[in-house]
Structure formats: structure tokens, C-alpha cells
Visitor: 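Before I ask anything, here is the structure I am working with.
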There are 2 protein chains.
Amino acid sequence: MLLNSDTRDKTMPYCYEYPRPAVTVDVIAFTVREGRLQVLLVQRERPPFAGAWALPGGFVGMEEPLEAAAARELAEETGVEGAYLEQLYTYGAPDRDPRGRVITVAYFALIPADAPVRAEGGDDAAQARWFPINALPDLAFDHAEIIAYALRRLRYKLEYTAVGFQLLPETFTLSELQRVYEIILGESLDKRNFRRRILKADIIEPLDAFRTGEGRPARLYRYKPDAVAEVKARRLFP
Amino acid sequence: MLLNSDTRDKTMPYCYEYPRPAVTVDVIAFTVREGRLQVLLVQRERPPFAGAWALPGGFVGMEEPLEAAAARELAEETGVEGAYLEQLYTYGAPDRDPRGRVITVAYFALIPADAPVRAEGGDDAAQARWFPINALPDLAFDHAEIIAYALRRLRYKLEYTAVGFQLLPETFTLSELQRVYEIILGESLDKRNFRRRILKADIIEPLDAFRTGEGRPARLYRYKPDAVAEVKARRLFP
DNA sequence: ACAGATTGACGCCGATGAGGCGAAAAGCGC
DNA sequence: GCGCTTTTCGCCTCATCGGCGTCAATCTGT
């Protein structure tokens, strides 16, 4: 199966008693820009799937924790550091990579709307671009499946966890926050009810600043640094 | 780091251009027996941690899907097949195994209370035993942390998903089901409210049989095979 | 056989919370 | 000042949840 499982030249210096799969990390980076939920993709340069778009990712270093590898790959592609990062799922179907057995640990990341992302549409060697979630190109490997699952999980997480703030700048208005929710969940919410509920959750705090623009200026809020990330779970079932 | 990264004898026939971590699966098998939530552990025979208790697990075959590997390990230790199995998390701290880099994909399994589990307390080579969740022995590797997380996830899943049935025989009474919930969640529930809510969820169906015992015989129920596993989520947040 | 104990099953009631909606407040551009 | 937009406050209603009383069916001990 593996092309190199029997070769023994000096380009294959790492030998083991039993065969080992390769381990990679892939990052699904979400952001909300231009009023749409977008995902970061990179264009592959080498076979397999040369020219196709794929999730940013790469091999895990031998001394590198998994999450550190994901953070590194994300930083290499976008320059973004300190973004929200969470392990999503590990994919290991034997045939998911034509080069051999590759097991990938998928992470999803939330990039604030105001984070400067470099190489945006750049003509570097490895081109990276944001794609709206509903206008994705053909994807390499099983990355389409991975993104579909990441989107399900993002929506789910948004509904029972205070994680939407990770997609906004540090300060934001209630309307901006609501728009993020509406974009991701794909439904419109009532302004007054949204406001009431999010204030009762006691996870954001008002600031003394306002955002001026059209209409009445809106108060700016900030995510409470000490707020528990998990909204205390009401029992859903039974 | 790896002892064998430079050795080149005939016991190390699998060679690669870059070093690769080993990949294993570990299974956290839960069951409810003797009125307690229990976890399956095996006693290690070899170093490291020889003699210590650990989660059942082992290496992933090169052509084997991850979940298949978990199911195989579980079947080898217990003989149980077809149990509920779900990927939990992937642990990959560089120092979690003193032998070198070992990345493990953890699965948690729910074993029905009536499933015959072989090697229970047997004196086989690899001894396997159930341990009550609140009376665990010292554990090898990072397995204590893994079990703690699995327990959190089990409780969480029980509250928003219809998964408790996986711990019961195919037919059960409402009181038996309630008992499972009480044991896992660690709190007592009101009989009448539990009954009302679980019937409204419309995921179990009454049978024409009754379980006789102390007091009035209780109607037996069965998990609806076509019921959606995920209880349709009410929004929790905001 | 009968009384009391034990467990299962049905239904009401008040409190709580969520969604729907009206209306006032505060700036902006003309 | 006057319309327009957007924010913000507050009320009303309905569904749901938890708490509890009560009856029904069977077992057990005498």
C-alpha cells in the first residue's frame, strides 16, 4: 500500500517495527465578512489534487502538540494568532488520501472580523482565499465532508455556547452580534428578544462608548473576560 | 527522541522520509451495573506502567478505519459487538507515552446492562474488569484525564440526546430508564415528570408486555428504532 | 382471604421563560 | 423643524417545566 514501506535508502531514515500512518492537522477557519460566513481555503500546488482547493493543514511535528500544530498551520496561512481553536474530529478512513494512510485531526477556528488576514488573494506560492460557505469550489480529499460537519458543529455550538463573540472585534454593538447569529444560523431574529436574552445571560458588559452611524448611536459591548464559556446547560432531555 | 529512529535492521522494515507518530485507539466502555456507573479497564502486562490499570486499546491497523479499530479492541476485551460507539477526542501530547510519540483517538462505548461480558474478573493473560466510576484505581498514561472527559461528555450527551437507552436491554420499564439517568447524572428525578417528558419526546414505544416484581407490574417499553437520535434542539443560547 | 405495603400511572396548578409586538428615545440628513 | 433610521424599554400571552395529590394494580404477610 505505502509506496515507501520497503525502500531502504538514505532518504528514508526513519524506520519502525510496524507500519505507521502519517498524521496531519487540518484547520477549518470560519469568519464573517461581507455579510457572509466564509471559510479559508488554500490552493494545492502538488499532486494529489494539484490545483484543487483544500483546507489549510500539514504534518504534525514529532514534538508538537496537536493544537499547537493547528495553530501553527493557521498562522502560516493567515498570520492570525490567538484565534479561538477547538478540536473537531479525527478522520482516518484508509482511502482518504491516495498517497497512503493519512489520519487527520481537524480543528475549527473562529477568526474575528477585524483580524487582518495576510495573503488574502495574494499571488504567493500557496494561495489562500476566503470562500463563502455556500459557494465552495470542488475540494480535495474528504474536505467537503469535513467542512459540512464543521458547519453543523458551529451552528450547534452557537446555540448552546457563548462563542459567537470570537467572530467579532473586541467591542461590538448588539446589532452586530445579532447579525452574526443571523448569518450563521440562517434565520432572522427579533431585535428585542435577542437583546433581552443575551443580556440576561450576563456574558457581555456595556461600555461607555457608542458606535455612531445611521440612526441612533448604539452602545458598544464587550465580552466579559471572566464569563464562563459554557452557558449553564438547562436540561434538554428528557 | 524515538529510540528506533535511526536503527536499520531487519526488525525495522517500515521506513519513511520523516518520522511518524504511532496511532492507537482507546475505548472508554461505560455500563450501569449493580446500581453504579462502571468503566472497563484492563491490567497492563508490559512496561510502561506494567501492572497498572488502563483503558483497553491498541494500535490501528494500516487498512483499518478508526472506528473499526475501536470496535475490534472492545470486542477483543469484552466480546461485546454492536455496542454504541462514538469518537470522543484525540489526545496527542508529545510526552503522554514514555516510549515516544503516540497519538490516541479515544472512543466511548455504551454497553447494555444485559450484555454478557466475558473475561469478567477472569484470570486470563489480559485481565479485564469493571470499576465503579467513583472508585477507579491509579491509571496508566493520561487515562484518568480521558475518563474524566468521557464522563463529562456522557452526562452532557444524556441531557440533550436520547442515548440512555444504549445502556439498557432492548426492553425496559420507565423506572429502569429513570434509574439509569439518576445514576449517571447523580441526582434524583421526579417519577411523574420524568415519565411525562420522556413520553412527549416520542422516542420510546410501549409494548404489550409487563415486568412483574414488587408492586404493580410495569409496562415494558422499547426504543423506537426510527427515532432520531438527536432530540431536536431547542435553542439554549442566546 | 384480607389488610397494608409497594410500585405504577394520570392529571392539575402555579411559576418561569420565550416569542410577539407597541412605542418612546436618540441621532442624521434635508 | 421634520421625516427617517436605529436603538432601547416594557407589556402581554402562551407554552413548558417542576411540584404535588390521587387513584390503580399487584405483592406480601398474617
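Letters go in sequence order (proteins before strands), and every chain restarts at 1.
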Visitor: Is the gap between the ring centers of A:F165 and A:Y84 under 6.0 Å?
Guide: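 No, ring centres 6.0 Å or more apart.
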Visitor: Over how many whole Å does the gap from B:F194 atom CZ to C:dC10 atom C1' extend?
Guide: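 After rounding, the reported distance stands at 17 Å.
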Visitor: If you only use heavy atoms from C-beta on, which nucleotide in C:dG17, D:dC17, C:dC21 is closest to the side chain of A:D190?
Guide: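 Closest nucleotide among those given: C:dC21.
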Visitor: Nearest whole angstrom, please: distance from the C1' of D:dG19 to the CG of B:L189.
Guide: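 The answer, rounded to whole Å, is 14 Å.
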Visitor: Name the residue from B:K191, B:R195, B:R196 that meets the side chain to side chain donor-acceptor pair (under 3.5 Å) definition with B:N193.
Guide: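 Output: one option passes, namely B:R196.
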Visitor: What I'd like to find out is whether the side chain of A:E34 reaches to under 4.5 Å of the side chain of A:W130, using heavy atoms alone.
Guide: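 Side chain of A:E34 against side chain of A:W130, heavy atoms only: no contact under 4.5 Å found.
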Visitor: OP1 or OP2 of D:dC9 sitting under 4.0 Å from any side-chain N/O of A:R195?
Guide: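 Checking A:R195 against D:dC9: at least one side-chain N or O falls below 4.0 Å of OP1 or OP2.
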Visitor: Under 4.0 Å between any heavy atoms, over every strand shown, what does A:T212 touch: base, sugar-phosphate, or nothing? Just pick one.
Guide: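 The residue A:T212 makes sugar-phosphate contact but no base contact.
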Visitor: Within less than 4.0 Å of OP1 or OP2 of C:dT7, is there a side-chain N or O belonging to B:S175?
Guide: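 For C:dT7, OP1/OP2 do not have a side-chain N/O of B:S175 under 4.0 Å.
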Visitor: Could you give the CZ-to-C1' distance, from A:R211 to D:dT7, as a whole number of Å?
Guide: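 Whole-Å distance recorded here is 14 Å.
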Visitor: Report yes if at least one side-chain N or O of A:K191 is closer than 4.0 Å to OP1 or OP2 of D:dC9; otherwise report no.
Guide: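 Negative; the distance criterion is not met.
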Visitor: Do the non-hydrogen side-chain atoms of A:L151 and A:R155 ever get within less than 4.5 Å of each other?
Guide: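 Yes. Closest side-chain heavy atoms under 4.5 Å.
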Visitor: Rounding to an integer number of Å, can you tell me how far A:L199 CG sits from D:dC9 C1'?
Guide: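 Spelled out: CG on A:L199 to C1' on D:dC9 is 11 Å.
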Visitor: Could you state the CD1-P distance from A:I198 to C:dA18, rounded to the nearest angstrom?
Guide: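 About 12 Å, once rounded to whole Å.
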Visitor: Between A:P217 and B:E176, name the one whose nearest nucleotide on DNA chain C is closer to the 5' end.
Guide: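 Between the two, 5'-proximity favours B:E176.
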Visitor: Looking at C:dG8, does its base get a donor-acceptor pair with the side chain of B:R192 below 3.5 Å?
Guide: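 Looking at the base of C:dG8, it does not pair with any donor or acceptor on the side chain of B:R192 (distance under 3.5 Å).
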Visitor: Give the rounded distance in Å between these two atoms: CZ of A:F172 and P of D:dT6.
Guide: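 It works out to 20 Å between those atoms.
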Visitor: Quick one: B:R179 CZ to C:dT7 C1', roughly how many Å, whole number?
Guide: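 Checked: the CZ to C1' distance equals 14 Å.
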Visitor: Would you indicate what A:R219 reaches in the nucleic acid, counting non-hydrogen atoms under 4.0 angstrom: base, sugar-phosphate, or nothing?
Guide: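 If one applies the 4.0 Å heavy-atom cut-off, A:R219 turns out to touch the sugar-phosphate alone, with no base involved.
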Visitor: Looking at B:R179 and B:E176, is there a salt bridge between them, counting it only when a charged N and a carboxylate O are closer than 4.0 Å?
Guide: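 Answer for the salt bridge query: no.
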Visitor: Taking atom P of C:dG27 as reference, at what distance in whole Å does atom CZ of A:F210 sit?
Guide: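 In whole Å, C:dG27 P lies 8 Å from A:F210 CZ.
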Visitor: Quick one: on DNA chain D, does B:N193 or A:N193 contact a more 5' nucleotide (nearest heavy atom)?
Guide: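 Its nearest nucleotide lies further toward 5', so the answer is A:N193.
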